[in-house]
Q: 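I am attaching a structure below and will ask some questions about it afterwards.
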There are 2 protein chains.
Amino acid sequence: MNSDTGVNLPALRNHNAALVLDLLRTAGEEGASRLELADRTGLTPQAVSKITARLREEGLVAEAGYRASTGGKPRTVLRLVPGAAHAVGLHLDRDELTAVLVDLSGVIVAANVVPLDLGAGAEVVMEVAAGEVAALTSRPLLGVGVAMPGPLDHAAGVPHRVTGFPEWDGFPLRDALARRLGLPVVLDKDTNAAALSIALSGAGGDSFGYLHLGTGLGAGLVLGGAVYRGARTGAGEFGHQTVQLDGPACGCGGRGCLEALCLAAVARGDLDEAARVLGAGAANLVKLLDIDRVLLGGRVVAGAAEPFVRGVRAVLAERAERAGEAPVPVALADGSPDPVAEGAAQLVLAPVFGR
Amino acid sequence: MNSDTGVNLPALRNHNAALVLDLLRTAGEEGASRLELADRTGLTPQAVSKITARLREEGLVAEAGYRASTGGKPRTVLRLVPGAAHAVGLHLDRDELTAVLVDLSGVIVAANVVPLDLGAGAEVVMEVAAGEVAALTSRPLLGVGVAMPGPLDHAAGVPHRVTGFPEWDGFPLRDALARRLGLPVVLDKDTNAAALSIALSGAGGDSFGYLHLGTGLGAGLVLGGAVYRGARTGAGEFGHQTVQLDGPACGCGGRGCLEALCLAAVARGDLDEAARVLGAGAANLVKLLDIDRVLLGGRVVAGAAEPFVRGVRAVLAERAERAGEAPVPVALADGSPDPVAEGAAQLVLAPVFGR
DNA sequence: CCACTTAAGCAACGCTGTTGCCAAAGTGCA
DNA sequence: TGCACTTTGGCAACAGCGTTGCTTAAGTGG
């Protein structure tokens with residue numbers, strides 16, 4: 001709940017309803033009983049009964065069987081109704097567009113991938129995007145989430161200086177696409193969308209960094225359970241941190257950038273060195289933000305997962321041992337075929353669950 | 001408002017009351033009218049009237065004159081009553097203890113500095129601390145905030161492995177001192193306390209990094225208006241980021257740490273190089289977290305402010321220019337004689353204002 | 001002097017979660 | 001089989017929150 005604004009009764013009601021929905025989403029197939037929800041929320045069982053009654057009336061929640069009795073009346077299991085709402089996620093990458101349709105529980109119901117030239121201009125891209133949305137479903141949608149390479153402004157829904165495609169600079173993509181589709185549209189960086197999808201899957205814990213090694217090297221940050229975007233959606237510029245003062249020049253104009261060193265090692269086939277360099281950056285991130293976990297993804301990592309996970313893990317383990325702490329776990333982000341497209345759809349679902 | 005828990009009517013009431021108090025704190029001497037508060041909170045004027053009536057009954061808020069009329073009845077100015085509550089902040093440094101008494105508005109009412117050997121053991125330090133608290137005031141206190149060098153656990157109130165003083169490891173300082181004083185005690189890292197005091201002063205904007213260059217090099221982070229501590233109060237480990245792969249060895253066992261390079265430059269009198277190295281670390285921080293501002297403090301910076309501010313500013317300006325962005329402002333954190341002690345006291349006041 | 005504007009309180013209200021009570025639906029022992 | 005007990009969950013009454021509608025207070029300006 002926004003701590004900068006006053007809270008009145010409708011806001012309170014929405015907050016508690018969203019909280020209950022989020023708990024039911026997390027519970028998944030297993031569901032949760034009214035008393036379990038009361039325990040988790042700190043509300044009284046009667047309040048939970050009233051809230052879930054409203055949610056059942058709206059069709060978002062349904063009763064689904066009973067728990068085993070523990071000596072008295074068995075608990076009634078409540079579950080989210082996955083089909084109650086749907087959202088579309090679009091992943092605009094440099095050379096292809098991935099579109100997914102997800103239900104309320106976040107499960108991918110339908111998906112499609114088509115070639116796309118991100119440099120072909122906004123009109124062409126919007127045409128393709130609108131076609132893909134229409135092709136996925138004729139059902140009413142909650143909205144459409146769009147994820148693309150940064151930099152961009154999440155709050156305003158406008159890309160800036162997308163690397164290599166100056167024609168996107170300042171184009172009001174969110175509003176233009178929303179008008180065209182007649183639906184709410186949310187825009188975010190690809191790495192943030194991926195981080196959101198990992199956060200909702202629970203694989204990252206309460207706070208983690210998702211390091212994406214593909215064409216470039218970026219990061220999505222989840223701090224305290226929420227995607228951290230910074231003041232201007234600029235957070236997560238991980239690749240252009242200096243790890244070698246006065247080191248080799250980088251395309252960004254700087255020297256000794258992590259991305260340049262890491263990708264140079266990849267280019268010459270020295271994956272161990274690439275992983276070691278990446279591990280140094282990950283260690284900087286872990287120290288600065290005290291996160292619970294580091295997750296790796298992106299095309300380069302997907303192509304050679306083992307050396308990267310092992311190499312980054314080794315660097316973090318060595319530093320943790322010297323400090324006498326437990327090492328921060330390192331894992332592959334492999335929960336979804338396209339975490340970016342999935343996360344894009346979840347940008348739309350997130351407000352329903354108070355996120 | 002905690003987004004992980006349900007909200008009932010008393011919680012809602014507390015939230016709105018704290019929000020109004022926070023706005024009045026920010027308004028300071030100038031105060032705010034009921035309608036201005038209504039605008040800022042999004043609540044109706046009548047709701048604000050009820051909330052402020054309760055706060056006036058409790059003695060936390062008082063009417064204080066009128067605004068000029070704008071064509072009708074003039075607005076009544078409301079102000080925080082500074083003397084309504086007090087808190088003590090203790091800054092435990094390696095060789096001295098600073099104690100301050102602050103009122104509800106955050107103003108330092110009394111202060112004292114005494115020598116202290118942090119290595120003399122918990123009993124001796126607690127004895128001195130209790131004496132200083134008693135010497136500052138006989139008034140009832142809201143509580144005592146304690147700030148000391150890390151690492152430590154803010155949530156549990158326990159120091160771990162305070163650099164150079166292994167005898168503190170695991171001593172339950174917060175609870176022991178609370179029992180001895182009969183008052184609530186809050187424990188935090190010195191850099192976090194300083195960051196809190198800067199955040200409340202408004203000098204840092206919504207998100208900033210406070211870089212403290214003293215015996216070591218640490219940082220306090222404020223993200224989205226709140227001090228960011230990370231999962232285990234470990235956030236802000238800024239000095240041991242790698243900025244020189246395979247560089248010179250650091251006391252921490254790593255190589256090419258920012259702290260080692262920066263302090264080595266200071267030791268040989270090359271402040272420009274120290275500032276340049278610090279600037280590289282600051283640039284990494286700014287890129288990763290997209291913060292609004294960088295603030296510098298600590299003994300070393302206080303002794304030679306100009307070269308550090310200039311040097312760090314130059315690095316950030318150069319990088320911003322290459323990226324075509326506005327540079328992130330760099331300034332000296334000079335709002336308080338001891339931001340750490342002041343922030344320690346504000347650790348106690350913060351919950352009153354919903355922070 | 002009077003019409004108008006703006007601020008702020010009073011009273012009634014709708015809606016929130018809470019409390020007290022009761023019915024439903026199990027378990028376990030005699 | 002019967003009965004005491006435990007546990008779940010709904011019904012009804014309730015206290016307390018911010019909101020709405022209206023009135024009163026206290027200014028400005030022609």
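Each chain gets a letter, A, B and so on, in the order its sequence line appears, and its residues count up from 1.
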Q: Measure the distance from CG on A:Leu9 to C1' on C:dT18 and round it to the nearest whole Å.
A: 14 Å
Q: To the nearest angstrom, how far is B:Gln46 atom CD from C:dA7 atom C1'?
A: 11 Å
Q: Just the rounded figure in Å: distance from P of D:dC17 to CG of B:Leu55.
A: 12 Å
Q: So does A:Arg67 get a side-chain nitrogen or oxygen closer than 4.0 Å to the phosphate oxygens (OP1/OP2) of C:dA25?
A: no
Q: Can you check side chain to side chain contact (heavy atoms under 4.5 Å, CB included) on B:Tyr228 and A:Leu289, steps first, answer last?
A: CA-CA 8 Å; B:Tyr228 180 78; A:Leu289 295 177; 3.9 Å; yes
Q: For A:Asn16 and C:dT16, is the shortest distance between a side-chain N/O and OP1 or OP2 below 4.0 Å?
A: no
Q: Among B:Arg75, B:Arg56, B:Arg79, which residue satisfies the salt bridge (Lys or Arg N to Asp or Glu O under 4.0 Å) criterion with B:Glu63?
A: B:Arg56
Q: Given C:dT16, is OP1 or OP2 found less than 4.0 Å from the side-chain N or O atoms of B:Asn8?
A: no
Q: Contact between A:Arg232 and B:Asp292 at the side-chain level, heavy atoms closer than 4.5 Å - yes or no?
A: yes
Q: Less than 4.5 Å apart, side chain to side chain, heavy atoms only: is that true for A:Val222 and A:Ile198?
A: no
Q: Side-chain contact test, heavy atoms from C-beta onward, threshold under 4.5 Å: evaluate it for A:Ile51 versus A:Leu43 and give yes or no.
A: yes
Q: Along nucleotides 25-30 of chain D, 5' to 3', which nucleotides get a B, which get an S, and which get a -, given that the test is a protein heavy-atom distance under 4.0 Å?
A: BBBS--
Q: Separation of B:Glu63 atom CD from C:dA7 atom P, in whole Å?
A: 15 Å
Q: Using atom CZ of B:Arg13 as one end and atom P of C:dT18 as the other, report the distance to the nearest whole Å.
A: 15 Å
Q: Are any non-hydrogen side-chain atoms of A:Val133 and A:Leu141 less than 4.5 angstrom apart?
A: yes
Q: Among residues 25-36 of chain A, which contact DNA chain D at a heavy-atom distance under 4.0 Å?
A: A:Arg34, A:Leu35
Q: Would a 4.5 Å heavy-atom cut-off, applied to side chains only, mark A:Thr233 and A:Asp188 as touching?
A: yes
Q: Are the side chains of B:Arg355 and B:Leu200 in contact, using a 4.5 Å heavy-atom criterion?
A: yes
Q: Using the side-chain heavy atoms of B:Ser49, tell me which of these nucleotides is nearest: C:dG9, D:dG10, D:dA13.
A: C:dG9
Q: Round to the nearest Å and state the distance from B:Ile51 atom CD1 to D:dG18 atom C1'.
A: 8 Å
Q: Does any part of the side chain of B:Arg139, heavy atoms only, come nearer than 4.5 Å to the side chain of B:Val109, both counted from C-beta?
A: yes
Q: Assuming nearest nucleotide by heavy-atom distance, tell me which of B:Pro45 and A:Lys50 is located more 5' along DNA chain D.
A: A:Lys50
Q: Any Lys/Arg nitrogen of B:Arg229 or B:Asp153 sitting under 4.0 Å from an Asp/Glu carboxylate oxygen of the other?
A: no
Q: Between C:dG17 and A:Arg54, is there an OP1 or OP2 to side-chain N/O distance shorter than 4.0 Å?
A: yes
Q: Closest approach to the side chain of B:Leu12, judged atom by atom: which nucleotide of D:dA12, D:dT19, D:dC17 is it?
A: D:dC17
Q: In whole Å, what is the span from the CG atom of B:Leu37 to the P atom of D:dG18?
A: 14 Å
Q: OP1 or OP2 of D:dG18 less than 4.0 angstrom from a side-chain nitrogen or oxygen of B:Thr44, does that happen here?
A: no
